[in-house]
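A short worksheet on the structure shown next.
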Number of protein chains: 2
Amino acid sequence: MRISDVARHAGVSPSTVSYVLSGKRTISAATRARVLKSIEVLGYQPHAGARALASNRANVIALVLPLRPGIHVPVAMQFAVSVVTSARDREHDVLLLTQAEGEGGLRRVAGTSMVDGIIVMDVELNDARVPTLRTLGHPSVLIGVPADSHGLTCVDLDFDAAGRICVAHLAHLGHREVALIGQPPSVYRRRTGFAERTIAGFEDEARERGVRPLVVPCEAAPAQVAAAVGALLRDHPGVSGIVVHNEPAVAPLLDALRAAGRDVPGDVSVVAIGPDELATESVPPLTSVTLPTEEMGGRAVALLMDKLADADTPEITLIQPRLVPRASTAARPALP
Amino acid sequence: MRISDVARHAGVSPSTVSYVLSGKRTISAATRARVLKSIEVLGYQPHAGARALASNRANVIALVLPLRPGIHVPVAMQFAVSVVTSARDREHDVLLLTQAEGEGGLRRVAGTSMVDGIIVMDVELNDARVPTLRTLGHPSVLIGVPADSHGLTCVDLDFDAAGRICVAHLAHLGHREVALIGQPPSVYRRRTGFAERTIAGFEDEARERGVRPLVVPCEAAPAQVAAAVGALLRDHPGVSGIVVHNEPAVAPLLDALRAAGRDVPGDVSVVAIGPDELATESVPPLTSVTLPTEEMGGRAVALLMDKLADADTPEITLIQPRLVPRASTAARPALP
DNA sequence: CACGTTCGTCGAAGCGCTTCGATCGCGTCG
DNA sequence: CGACGCGATCGAAGCGCTTCGACGAACGTG
């Protein structure tokens, strides 16, 4: 079943069928209808490889999955799904690469023209893949912002603003001492933008508002969260507001507070940074700053398509965080 | 940079270069070396589309991600990663399809020759995609076994045996009444093989050993797990052994037992069915039946490659479960 | 009314690779 | 010693599509 079969069936030339399909030249309504009919009747599907060869476009983009320790898998999956969905909406498919394939993988899929562009998730501040992406000659979009974003296209939540907005919310409620339960130390060690920027925003806003900030990196395992919370309550009894930027630590954190006899939000207010489900499915539902995975994935794809169409794109696209108040934050309790 | 450039540089014909690359004809060691050198020097990478067109092989397989409610995302991700890794080991890439694309997506990627074969995860007993796969004319491998597996190739853990082995282990330790904390009701409602087969094995083995079985489908939310455990302990005080076949319910289950003052394994023994990390990261580490995601993914890819090479493959490949004793099971406590 | 446009369509030339049959030496066997 | 076989290599014909230039017809326009 080839394009020439369709052409014969419709009584036109193969090129006409091609133009009907691509819309790159005007075709009379009557002819178009006839061709489309034939395509439907014959169940014609163009050969992807032939297309890619002739048009120099594979209609496929690559997505690099992040799989290092510390990554919250459901969030990564949400990104992946939103990228696939957005790509499909634009007639593109998605080729999956693992982190393990590394820069060689990027060079391979780009060099063989398997893909037209690349989306890289979980970009570190000093990401080894960035130089490769720069020299690749294939368009790419990063989710996350490296230290030097020159010549790149990056999408991210504005984590600095996210950190700030959390502190602002707590300060507004009267809290004078706030803690940030952060990512595991390993995440800071490999210098991840979203982690550092959240801290920066958290601390800056606290300073500006005369609030005392405290940053506590934290492993996600329940026991370690419990230990961290125990230490926090003991050593810093004045802390009445907590920001959590560590998805899997959220449930253990709430457990630990409960176990310590602290009511949320009666004694302690908690703000989470993470996907909505995380916040709504907790008990109590958490005031949170949304991690808009769908919007970010969609935006990344949109930017990549712009680059494929030779439009120029902003170097950095920061999505503004929104804080949704729920049941986990309240005014600071009066001092005893 | 094309194959003819390499040919010129090495002083041979393009076909010779092609044969060096594919190994489909014998090439003298000297020539091969010269060609390989040229390839390296020039940094030649063959054009994937041209290759696919000429050879009728894309060297890509499709993977359909499961994303329905009730799916444990980290497990799905483990499968995906193991499929990608195994595929890469065999010179293939992986195209990601979402469940949402449905059967149309399967027809599209097969019909356009984007992929050479398809791996479908999370197959239901009456999966709507099965008839499509049968008529597709493209090889496919299912992870999971549908009710009618005629003419298909399926890989799965032997969940019936998994259910049995758990009961056998508990019975061996002297437990006379055992409960299965199962999947959420919605999973049974859509008739999922792994869920039903585990129950079947669980009940059959119990019957054969004269043990009283009890099956409790269970939502994974902590509150619901707690409620289910509460009811279980109240209405069936004789239950001293619990099998959990529901990853996200494991932690809440242990919490609920602790809250009810039951020691594990002192008062109640617990066996989990799931990935190893789930078992080793719990407190106490759980006796468990491993869900060998890596082996299953690898096997699925291997079977698909066999089909691509026209070898015939068994309809059903069941992987035998292994029970690893850890700290959560012990002999039944003496009756008071 | 002749000429220039525009519109719709066609034909042919690739895109870069694989593969089949043919060719060319060269060693070997009868 | 000629025919034969075999290993190594080449040339050319596609694979199925897109796209460019060309062409005829229809349609204004001066």
Side-chain angles (χ1 to χ4, degrees), chain A residues 1-39 42-60 91 93 108-116 308, chain B residues 1-39 42-60 91 93 108-116 308:
Chain A
M1 174 59 47
R2 300 165 321 190
I3 200 171
S4 58
D5 298 323
V6 176
R8 196 171 318 115
H9 186 271
V12 298
S13 77
S15 50
T16 300
V17 176
S18 177
Y19 286 123
V20 166
L21 250 20
S22 69
K24 293 192 178 174
R25 285 202 182 170
T26 52
I27 297 288
S28 69
T31 306
R32 186 204 322 293
R34 209 147 26 93
V35 169
L36 290 175
K37 182 90 196 179
S38 297
I39 287 175
L42 300 179
Y44 168 71
Q45 301 189 268
H47 187 288
R51 228 170 204 202
L53 178 57
S55 68
N56 206 22
R57 270 275 201 286
N59 280 277
V60 177
E91 310 275 74
D93 276 279
R108 183 173 56 81
V109 296
T112 59
S113 297
M114 292 199 92
V115 305
D116 303 323
L308 287 174
Chain B
M1 173 59 46
R2 299 164 320 186
I3 200 171
S4 58
D5 298 324
V6 175
R8 195 171 317 117
H9 186 271
V12 298
S13 78
S15 51
T16 301
V17 176
S18 177
Y19 286 123
V20 166
L21 251 18
S22 70
K24 293 193 178 174
R25 285 202 182 172
T26 52
I27 298 289
S28 70
T31 306
R32 188 204 322 293
R34 209 148 26 93
V35 169
L36 290 175
K37 182 90 196 179
S38 297
I39 287 175
L42 300 178
Y44 168 70
Q45 300 190 271
H47 188 287
R51 228 169 205 204
L53 177 58
S55 69
N56 206 22
R57 270 274 201 288
N59 281 278
V60 177
E91 309 276 74
D93 276 279
R108 183 173 57 80
V109 295
T112 59
S113 297
M114 291 198 93
V115 305
D116 303 322
L308 287 175

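Here is how names work: the chains are called A, B, and so on, in the same order as the sequence lines, proteins then strands, and each is numbered from 1.
When heavy atoms are screened at a 4.0 angstrom cut-off, A:Ser18 is found touching base atoms of the nucleic acid. Within 4.0 Å (heavy atoms only), A:Ser28 reaches sugar-phosphate atoms of the nucleic acid but no base atom.
Note: CZ (A:Arg32) to P (C:dC7) measures 14 Å, nearest angstrom. To the nearest angstrom, P of D:dC17 lies 16 Å from NE2 of B:His47. Computed from coordinates, the B:Asp5 CG to C:dC15 P distance equals 12 Å when rounded to whole Å. With rounding to whole Å, A:Leu21 atom CG is found 16 Å from D:dG16 atom P. In this structure, A:Asn56 atom CG and D:dT18 atom C1' are separated by 11 Å, rounded to whole Å. If you measure from atom CD1 of A:Ile3 to atom P of D:dC15, you get 15 Å, rounded to the nearest angstrom. As a whole-Å value, the separation of B:Arg51 CZ from D:dC17 P is 21 Å. Put simply, CZ on B:Arg57 is 15 Å from C1' on D:dC15, counting in whole angstrom units.
Partner of A:Arg51 under the side-chain contact (heavy atoms from CB on, under 4.5 Å) criterion, chosen from A:Asn59, A:Leu21, A:Ile3: A:Leu21.
The two residues A:Ala52 and A:Ala58 make their nearest non-hydrogen contact at CB-CA, 4.0 Å. Smallest separation of non-hydrogen atoms from A:Ala7 and A:Ser13: CB-C, 3.6 Å. Heavy-atom minimum distance, B:Arg108 versus A:Gln45: CA-NE2, 3.5 Å.
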With side-chain hydrogen bond (donor to acceptor under 3.5 Å, both in side chains) as the criterion, how do A:Ser55 and A:Arg57 come out once you've worked through the C-alpha distance, each side chain's angles and the decisive distance to 0.1 Å? CA-CA 5 Å; A:Ser55 68; A:Arg57 270 275 201 286; over 6 Å; no

Trace of the side chain to side chain contact (heavy atoms under 4.5 Å, CB included) decision for A:His9 with A:Leu42: CA-CA 9 Å; A:His9 186 271; A:Leu42 300 179; 3.8 Å; yes

Strictly under 3.5 Å: I want the nitrogen or oxygen pairs between protein and nucleotides 22-24 of chain D, one per line.
from   : atom 1 : to      : atom 2 : distance (Å)
D:dA22 : N6     : A:Arg25 : NH1    : 3.4

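Listed for the A:Arg32 side chain is no donor-acceptor partner under 3.5 Å among the backbone atoms of A:Val20. Between the side chain of A:Arg34 and the backbone N or O of A:Ala10, at least one donor-acceptor pair lies under 3.5 Å.
If you check C:dG16, D:dT9, D:dC20 against the side chain of B:Thr16, the one that comes closest is D:dT9. Nearest nucleotide to the A:Ala54 side chain, out of C:dG14, C:dC7, D:dC10: C:dG14.
DNA chain C is contacted by both B:Leu53 and B:Ser15; B:Leu53 maps to the nucleotide lying nearer its 5′ end (nearest heavy atom per residue).
The phosphate of D:dG11 has neither OP1 nor OP2 within less than 4.0 Å of any side-chain N or O from B:Tyr19. Between B:Lys24 and the phosphate of C:dT19, there is a side-chain N or O to OP1/OP2 separation shorter than 4.0 Å. Taking only side-chain nitrogens and oxygens, B:Thr26 comes nearer than 4.0 Å to OP1 or OP2 of D:dA8. At D:dT18, none of the side-chain N or O atoms of A:Ser55 fall inside 4.0 Å of OP1 or OP2 (strictly under the cut-off).
With the end axes of the helix from C:dC1-D:dG30 to C:dG30-D:dC1 each set by five pairs, the angle from one to the other reads 50° at 10° resolution.
Contact of the B:Thr112 side chain with the A:His47 side chain is not registered, since no non-hydrogen atoms from C-beta on lie closer than 4.5 Å.
Side-chain N/O atoms of A:Ser15 and A:Ser18 include no donor and acceptor closer than 3.5 Å.
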